[in-house]
Protein chains: 2
Amino acid sequence: MTTIKDIAQAVGVSCTTVSNVINGRSGRVSADTILRINETIEMLGYVPNMSARSLVSSSSRVIGVISHLAPHKNESIVEDPFHSAFIGSIERTLSENGYYLMLRTVETTAELVAFLRNWNVDGLFFTGVFQDEFFQALSELSIPIVLIDSYVSHSNMCNVGLEDYKGGYTATRYLIEQGHKDIAFASPTIRERGVVYERFLGYKNALAEASLPFRPELVFEQELDLNSTVSLGRKLAKRNDFTAVFATADIMAAGIMAGIHEAGKKVPDDISVIGFDDINLCQLTSPKLTTIHQDAPLKGKLAVNFLMNLLENKKIEEREVILPISLVERNSVKKI
Amino acid sequence: MTTIKDIAQAVGVSCTTVSNVINGRSGRVSADTILRINETIEMLGYVPNMSARSLVSSSSRVIGVISHLAPHKNESIVEDPFHSAFIGSIERTLSENGYYLMLRTVETTAELVAFLRNWNVDGLFFTGVFQDEFFQALSELSIPIVLIDSYVSHSNMCNVGLEDYKGGYTATRYLIEQGHKDIAFASPTIRERGVVYERFLGYKNALAEASLPFRPELVFEQELDLNSTVSLGRKLAKRNDFTAVFATADIMAAGIMAGIHEAGKKVPDDISVIGFDDINLCQLTSPKLTTIHQDAPLKGKLAVNFLMNLLENKKIEEREVILPISLVERNSVKKI
DNA sequence: AGACTATGTTATATCAGTTTAACATTAAAC
DNA sequence: GTTTAATGTTAAACTGATATAACATAGTCT
């Protein structure tokens, strides 16, 4: 392997000079030397060794994406269609900026901290709800963090979020406008400071605003996996005390629809369904799924932007972006 | 940050001894010393610095997953539902084995080689079809590589594959058994030594075996993105010269189904559709998609196993595993 | 008693870079 | 004609680990 030493030797200068040129600190290097060094680097196919670099600089250009911190979930973040869209976007944007993405499953805070220190990880993306203990540990490490879809604010972290409350409100409001009065709510576990909680608040307030009662028996908390959502759909099909469901994720909405169909009822004729996220799947179901749209690639891109700014110590005026939602009308909601 | 030196100092031994204990080379270290070292490591919260490690050992425990090598495709591998299932599996298995996964977009062979050398990447996963030039470059680097779904065999690489030919044959045969005589074939670009090519051969041979003519005008090559597949579906709906389509990917089959429905025709009454992969999506469409099943998580796990064996220089009797396919009958194919 | 093992332990070099502080050389300023 | 500044360049220390080869010490065997 060609090293910086080989380049220095070949050109007839010192390592320092080569290092300076490579790192753009060529202010005090003569034009001729720069040219010769670059030529030699090209010729010898020199590639810097990141281990040596990060050893001496204690920073690595590695950005971590933590897959999950919840021990019970045996599912990687990439397996969720919404998140994978947005990780794809993160990955591309990071590559463009000369950073490297490490995907890592950790189950405990200790494991996470070990991982970050193992590699001198420069920055971190997080999505979801976490325990305080966890944030405590992270702020001690003081590495730049961008939180995505996390209703936690921390002095040295940035947030990329969504109009979740408005999304929940808009979805519910839309159902009400279509004449629905008894509207079920389906979501994974509702946790405070999570996106689902905000969507839930939006749902409740839309009901209240229309003077419709909030009926706790119509709130269904369920895991997002295929089997759970489909069986929830079957269960819902058996009831007759509501006419529409708002599911806080498209995969859940789609599963519910499948379950309803399995049970012999029809969407939207018997039960209307509205989803959230607007992933590709919405256009592949029959009927196509009416949903709340959000821009996953943009979310990824903005998250990377934030992180880049944090890493370069740029002054950040606004530590938070909230992306807008919009309603996408398709065919899974009936007007009554 | 606590270093190995701090541990050594605290315990009153040398770095070498600490290093030996950490790396399990404790054969010549007294039980008492081992105990004290481990206690101190625990107490001081020591975490090894991977950069220093990989610098001296020129191996990093980093495994690369190359996101895409096709410059025209602006899509990360994680965005494809089949691949994301299987990357999720790879990621978990690697973590369990103490390896780290780096996801990287590269567009040229040079970029790939630079990436591998940058980080002393220990091993690599590849999926898909690549140019010879590319394999040339990789074999020069001589790092362990596991090819997934790639019909290329190379002396120091392992392959995890699928019964693609049989899959194509089984799907087509099934359609024929259901009474279909005019069967279209839909896939991304058919490239030699790719999975699609094998499935295509299976399709052709099943036709031939049943004495049905192969009709080139019924072969449709199309990108896998949502818009392309849906518009292919619309296009297919306009034709009357076939009764069934075999799509070599479920996302394509689902898109085609959506397009057919958009055009006012019905699956399976007007046109039957069969897919490939058996991703979750198959159970979310209406009708549910009949498809060829393959086990994505197992594929990932086996790929990791191969890589671990290659990394540990274990004797490998068989450099190749071919996973079995199976037919999953659902409701998208009509018996005529 | 001396040679030989087995058992513990450790200086020191090394990995491939970056950083620091100093050293020449030439040009400009007073 | 010296001081000052600007321009190039470099030797050497350092980052945190591992590997090599050597060095003690204690016990065992002739």
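Per chain, numbering begins at 1; letters A, B, ... match sequence-line order.
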With Ala8(A) via side chain to side chain contact (heavy atoms under 4.5 Å, CB included) - residues at least two apart: Cys15(A), Val18(A)
Quick test: give all pairs of protein nitrogen or oxygen and nucleotides 15-18 of chain C nitrogen or oxygen below 3.5 Å, distance rounded to 0.1 Å.
unit_1, atom_1, unit_2, atom_2, d
dG17(C), OP1, Tyr46(A), OH, 3.2
dG17(C), OP1, Asn49(A), N, 3.3
dG17(C), OP2, Ile4(A), N, 2.7
dG17(C), O5', Tyr46(A), OH, 2.8
dT18(C), OP1, Asn23(A), OD1, 3.3
dT18(C), OP1, Asn23(A), ND2, 3.0
dT18(C), OP1, Arg53(A), NE, 3.2
dT18(C), OP2, Ser19(A), OG, 2.6
dT18(C), OP2, Asn23(A), ND2, 3.3

Residues passing the side chain to side chain contact (heavy atoms under 4.5 Å, CB included) test with Ser139(B), sequence neighbours excluded, are His154(B)
List in chain and number order the residues that pass side-chain hydrogen bond (donor to acceptor under 3.5 Å, both in side chains) with Gln136(B), two or more places apart in sequence or in another chain; answer none if no residue qualifies. Glu140(B)
If the condition is salt bridge (charged side-chain N to carboxylate O under 4.0 Å, His left out), which residues does Arg28(A) pass it with, not counting sequence neighbours? none
With Asn118(B) via side-chain hydrogen bond (donor to acceptor under 3.5 Å, both in side chains) - residues at least two apart: Tyr100(A)
Five pairs at each end of the helix from dA1(C)-dT30(D) to dC30(C)-dG1(D): take the axis at both ends and give me the angle between them to 10°. 60°
Listing request: all salt bridge (charged side-chain N to carboxylate O under 4.0 Å, His left out) pairs with a residue in residues 147-159 of chain B, at least two apart in sequence or in separate chains. Asp149(B)-Lys299(B)
What is the 5' to 3' range of DNA chain D, first to last nucleotide, that sits under 4.0 Å from any heavy atom of chain A? dT7(D) to dG16(D)
Can you sort out the partners of Glu312(B) under salt bridge (charged side-chain N to carboxylate O under 4.0 Å, His left out), two or more places apart, ordered by chain and number? Lys314(B)
Contacts satisfying salt bridge (charged side-chain N to carboxylate O under 4.0 Å, His left out) that involve residues 3-25 of chain A (not counting sequence neighbours) are none
So which pairs with a foot in residues 32-48 of chain B pass salt bridge (charged side-chain N to carboxylate O under 4.0 Å, His left out), sequence neighbours left out? Asp32(B)-Arg36(B)
